Q: 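My structure is below; once you've seen it, I'll send some questions.
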Amino acid sequence: MIALVDCNNFYASCERVFSPSLKNKPVVVLSNNDGCVIARSNEAKELGVEMGTPAFMLADKFEKEKIYVFSSNYTLYGSLSNRVMKTLSSFTPDIEVYSIDEAFLDFTRMVDKNLFTYGVQIKKTVQQYVGIPVSIGIAPTKTLAKMANRFAKKKCKNIGVYMVESSTEIAELLAATEIGDVWGIGSQHKRKLLLNGIRTAADFIQMNPEWVRKNLTVVGQRLLNELKGVPSITWETAPPPKKVICTSRSFGQLLCNKEDIANAVANYANKCAVKLRKQRSCANIVHVFIQTNTHRTQDKQYYRSINIQLPVASNSSNEIICYTLKGLSKIYRSGYNYKKAGVIVMDIVPEKQVQFGLFDTFNRSRDKKLMESFDQINTNYGSDLVRFAAQGYNKRWKLKQERLSPCYTTRLKDVYVIRN
DNA sequence: TCTGGGGTCCTAGGACCC
DNA sequence: TCTGGGGTCCTAGGACCC
């Protein structure tokens, strides 16, 4: 049996942990640049705030309904996520952290244990230790556990735990789940399946596997097995190394100056390099892109990207920034209002398997030592203390974050002081 | 004024090789 | 009329997830 533990309205719940006055109040969290809604408390959902709606369209509603609105504070959410995962790990070593707010727990080794009661205990403990409410679904496969989790959230809010084991229980769950609500069925597949008369998950498992394979690829076939109770999605104990690493952002305002964009992409390039070093990999290709705001129909539109092949795979901030800026020079055209840019490093290989170049003139051993010190200082004393000149100091490209909450758990000056 | 960011997997089709 | 067969690699694009 597998459990899926999912934090309820995670970002909104995080904002509440250190602001108890927000309890039972509608809370909304916005995406980067305070763009659109990405998390809502139950109260906000009840007021009709939809996921993904641009914030400017809701400004009146926020005010009228007294909704508490926050910019996203990923430092806080990441920190609380770690606490949740650590708490979950104390219940079983077989844990797969699936996303910032979800984890699968493998209960196969828990023989002679009442798993439902165990689930209730897990939920209570996370609430007590971290202050985050979770829902738990328990079932024979990951996909069924996801489905049971939805049920726990919707149908048994009070307990927050739902378990299916017997074939009757599974059949009930399948029949009660609409096809579009199945994990792995997005809007396109939903449309296709509805056209073929498939309304629920129960209808889906009656389908001819060959038809599924042809129309929904092997991914659909895997899904079919999972719903039939045959585990077909692999268990990832440790996160596999990333094959692509991307850092991209919309700017806080439109930019038309090449210098500003160069500052931005240099910062993104550095972030990519830091992520590469963290997973002990190097990239062979640096991809840079810039684009205008597609929503502004009055503006001339421009999108361009470029791939740059590195002579030797690298994870040096120094080198990656340098090639990124070369790429930018090739694709940048003046006379446009730019909204977004990004750097993607690709063709990633383990650090120890880098093919050295015969004509390489870059002093790699020296640079490696420099990067080690760079990371050490930034890890210990703040992530942007040591910087490259190309990263600049002007903040014109920076995110708009007008409603940011404090970093209660990660910044000393934001930690609450308790007076006696 | 204002519309997120970061990933993965799969397939089709073209280029190229013998 | 008729135009090999089998393979690899790469890219673009679609679909999905949180």
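Order of the sequence lines fixes the chain letters, A, B, ..., with proteins taken first and strands second; residue numbering starts at 1 for each chain. As the structure is a prediction and not an experimental result, all values here were calculated from the model.
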Q: Parallel under 30°, tilted from 30 to 60°, perpendicular over 60°: which one fits the rings of Tyr338(A) and Tyr302(A)?
A: perpendicular
Q: Does a nitrogen or oxygen in the side chain of Arg222(A) sit under 4.0 Å from OP1 or OP2 of dC9(B)?
A: no
Q: Just compare dC10(B), dT3(B), dA15(C) and give me whichever is closest to any side-chain atom of His189(A).
A: dA15(C)
Q: Could you check whether Glu178(A) pairs with Lys154(A) (Lys NZ or Arg NE/NH1/NH2 to Asp/Glu carboxylate O, under 4.0 Å)?
A: no
Q: Among dT3(B), dC18(C), dG7(B), which nucleotide sits nearest the side chain of Lys242(A)?
A: dG7(B)
Q: Working to the nearest 0.5 angstrom, can you tell me the gap between Met163(A) CE and Met1(A) CE?
A: 4.5 Å
Q: Any salt bridge linking Glu372(A) with Lys368(A)? Criterion: basic side-chain nitrogen under 4.0 Å from a carboxylate oxygen.
A: yes
Q: Could you measure between the two C1' atoms, the one in dC17(C) and the one in dG4(B), and give it in whole Å?
A: 15 Å
Q: Please determine if Lys153(A) and Asp6(A) form a salt bridge, counting it only when a charged side-chain N lies under 4.0 Å from a carboxylate O.
A: yes
Q: Between dT3(B), dC17(C), dG6(B), which nucleotide has the shortest distance from any of its atoms to the side chain of Arg249(A)?
A: dG6(B)
Q: dT11(B) phosphate, OP1 or OP2: any side-chain N/O from Arg213(A) under 4.0 angstrom?
A: yes
Q: For dG5(B), does OP1 or OP2 lie under 4.0 Å from any side-chain N or O of Lys340(A)?
A: yes
Q: What's the closest nucleotide to the side chain of Tyr98(A) if the choices are dC17(C), dT8(B), dT3(B)?
A: dC17(C)
Q: Without decimals, in angstroms, what is the distance between Ile245(A) CD1 and dG6(B) C1'?
A: 11 Å
Q: Across the strands shown, which category fits Thr53(A) at heavy-atom distances under 4.0 angstrom: base, sugar-phosphate, nothing?
A: nothing
Q: Determine yes or no for a side-chain-to-main-chain donor-acceptor pair under 3.5 angstrom, with Glu169(A) supplying the side chain and Glu165(A) the backbone.
A: yes
Q: Give the rounded distance in Å between these two atoms: CD1 of Ile185(A) and P of dC18(C).
A: 13 Å
Q: Lys275(A) has an atom NZ; how far is it from atom P of dG6(B), in whole Å?
A: 6 Å
Q: Looking at the side chain of Phe56(A), which of dT11(B), dC2(B), dC18(C) is the nearest nucleotide?
A: dC2(B)
Q: Tell me: CD1 of Ile100(A) to P of dC17(C), nearest whole Å?
A: 19 Å
Q: Say whether Thr92(A) and Arg109(A), considering side chains only, have a donor N or O and an acceptor N or O under 3.5 Å apart.
A: no
Q: Any base atoms under 4.0 Å from Lys400(A), or only sugar-phosphate, or nothing? Heavy atoms, all strands.
A: nothing
Q: Side chain of Ser250(A) only, please: which of dG4(B), dC18(C), dG6(B) is the nearest?
A: dG4(B)
Q: Kindly say if Lys243(A) contacts the phosphate of dC9(B), meaning a side-chain N or O under 4.0 Å from OP1 or OP2.
A: yes
Q: Tyr129(A) vs Lys86(A), test: side-chain contact (heavy atoms from CB on, under 4.5 Å). Steps then yes/no.
A: CA-CA 10 Å; Tyr129(A) 288 9; Lys86(A) 206 171 159 190; over 6 Å; no
Q: What's Thr247(A) touching, base or sugar-phosphate or nothing? Going by heavy atoms closer than 4.0 Å.
A: sugar-phosphate
Q: May I ask you to say what Gln253(A) touches in the nucleic acid, namely base, sugar-phosphate or nothing, with a heavy-atom cut-off under 4.0 Å?
A: nothing
Q: How long is the line joining CG of Leu216(A) and P of dC16(C), in whole Å?
A: 8 Å
Q: Name the closest nucleotide to the Val218(A) side chain, picking from dA15(C), dT3(B), dC10(B).
A: dC10(B)
Q: Remember a base hit wins even if backbone is also touched, and classify Asp34(A) as base, sugar-phosphate or nothing at under 4.0 Å, heavy atoms.
A: nothing
Q: So, is Ser248(A) close to the dG6(B) phosphate, meaning a side-chain N or O under 4.0 Å from OP1 or OP2?
A: yes
Q: Grab the NZ-C1' distance between Lys192(A) and dA15(C) for me, whole Å please.
A: 10 Å
Q: Specify the residue among Val244(A) and Tyr74(A) whose closest nucleotide of DNA chain B lies further upstream toward the 5′ end.
A: Tyr74(A)
Q: For Asn32(A) and dG5(B), what is the distance between atoms CG and P respectively, to the nearest whole Å?
A: 5 Å
Q: Starting the side chain at C-beta, find the nucleotide from dC16(C), dG5(B), dC2(B) nearest to Leu254(A).
A: dC2(B)
Q: Let me have DNA chain C in dot-bracket notation, would you? Count Watson-Crick plus G-U wobble pairs, both distances under 3.5 Å, and use [ ] for pairs crossing earlier ones and | for inter-strand partners.
A: ....||||||||||||||
Q: Check whether any side-chain heavy atom of Thr292(A) sits under 4.5 Å from a side-chain heavy atom of Lys300(A), and report yes or no.
A: no
Q: Looking at Arg296(A), does any N or O in its side chain come under 4.0 Å of the phosphate oxygens OP1/OP2 on dT3(B)?
A: no
Q: Would you kindly give the NZ-to-P distance between Lys271(A) and dG7(B), to the nearest whole Å?
A: 12 Å
